Amino acid sequence: MKIIHVKNYEEMSQQAAKMVLDTIQQIEKPVLGLPTGSTPERLYELLVRAHQVDQVSFQHVSTFNLDEYVGLPADSNQSYHYFMNEHLFRHIDIPTNRVHIPNGLATDLEQECARYEGHLQRAGQIDLQVLGLGVNGHIGFNEPGTSFNKRTHIVELEDSTSEANARFFKSKEDVPKLAVTMGIETILEAKRILLLVQGKKKADILRKVVQGEVTENIPASILQRHEDVTILTDIEL
Ligand code: GLP
């Protein structure tokens, strides 16, 4: 793993934006894997700016989001569909049919997972998978204890995750209990992975992720086994 220590959130976001922009400018039909959460917000702002100010086009780009809550109404502003549209997609020229986000409103969720995997297979490998890190070590919504061999699947969210994400909802009780997420096996198939970790509250978990044993109890620790992982972080390890 290549760990790059940055001064602050801004520098992390600038370097992340450069990696994403290099990827979409160097590859003919780039495929990006994208996260939600507070961490990538500035990265998305910078990508929007690259489009609006520097005329960078996203017309040839395909994207796959990591996850989505189950059961939020279509117009819910807490859904990851809403988040991605607001922060990125509606400001750039990416064709809607190249944007993929799991459908948390599907009546048959198992079938939805299979459908999502099908889209991923047809797109070929993800060229750059961007990840954030949950305070419990999750990536996507793969909670501690999830098998490393899972592909896109349905998960039950841990209490600590509901607590961490409650700030986007009226209360912790309003955070959905289930989500659809790309599995660890799916995530590890990406050619390159970029993990963004910012802020003191993630220092302990990041140390375990990079220095501890590889264990399903700390899902992100599996990244130690991937051959091309970059971590951008303001945490001193
Ligand atoms: C959510 C998402 C993850 C994200 C994590 C960290 O649970 N499912 O993909 O990485 O939160 O979020 P934040 O960046 O807000 O700390």
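Because the structure is predicted, anything quoted here is derived from the model rather than measured. Whatever order the structure lists ligands and atoms in, that order sets their numbers, starting from 1.
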Would you list the atom pairs, donor with acceptor, under 3.5 Å between side chains in residues 121-130 and any protein atom, with sequence neighbours excluded?
| from | atom 1 | to | atom 2 | distance (Å) |
| --- | --- | --- | --- | --- |
| Q121 | NE2 | E117 | OE1 | 3.4 |
| Q125 | NE2 | E189 | O | 2.9 |
| D127 | OD1 | K191 | NZ | 2.9 |
| D127 | OD2 | V31 | N | 2.8 |

Identify each donor-acceptor pair in which a side-chain atom of residues 196-206 lies under 3.5 Å from a protein atom, sequence neighbours left out, and give them as a table.
| from | atom 1 | to | atom 2 | distance (Å) |
| --- | --- | --- | --- | --- |
| K202 | NZ | L133 | O | 2.8 |

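Residue pairs meeting the salt bridge (Lys or Arg N to Asp or Glu O under 4.0 Å) criterion with at least one member in residues 11-40, sequence neighbours excluded, are K7-E11, K18-D22.
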Check ligand 1 for close polar pairs with the protein: N or O on both sides, less than 3.5 Å.
| from | atom 1 | to | atom 2 | distance (Å) |
| --- | --- | --- | --- | --- |
| ligand 1 | 7 (O) | H138 | NE2 | 3.0 |
| ligand 1 | 7 (O) | N165 | ND2 | 3.2 |
| ligand 1 | 8 (N) | D67 | OD2 | 2.8 |
| ligand 1 | 8 (N) | G140 | O | 3.2 |
| ligand 1 | 14 (O) | S38 | N | 3.3 |
| ligand 1 | 14 (O) | T39 | N | 3.0 |
| ligand 1 | 14 (O) | T39 | OG1 | 2.4 |
| ligand 1 | 15 (O) | S38 | N | 2.8 |
| ligand 1 | 15 (O) | S38 | OG | 3.4 |
| ligand 1 | 15 (O) | R167 | NH2 | 2.7 |
| ligand 1 | 16 (O) | K202 | NZ | 2.6 |

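A salt bridge is absent between R49 and E45: the closest approach of a Lys/Arg side-chain nitrogen to an acidic carboxylate oxygen does not fall below 4.0 angstrom. Between K177 and E156 there is no salt bridge, since none of the side-chain N atoms of the basic residue sits less than 4.0 Å from a carboxylate O of the acidic one.
Put simply, the side chain of H87 never gets that close to the backbone of T36: no donor and acceptor are under 3.5 Å apart.
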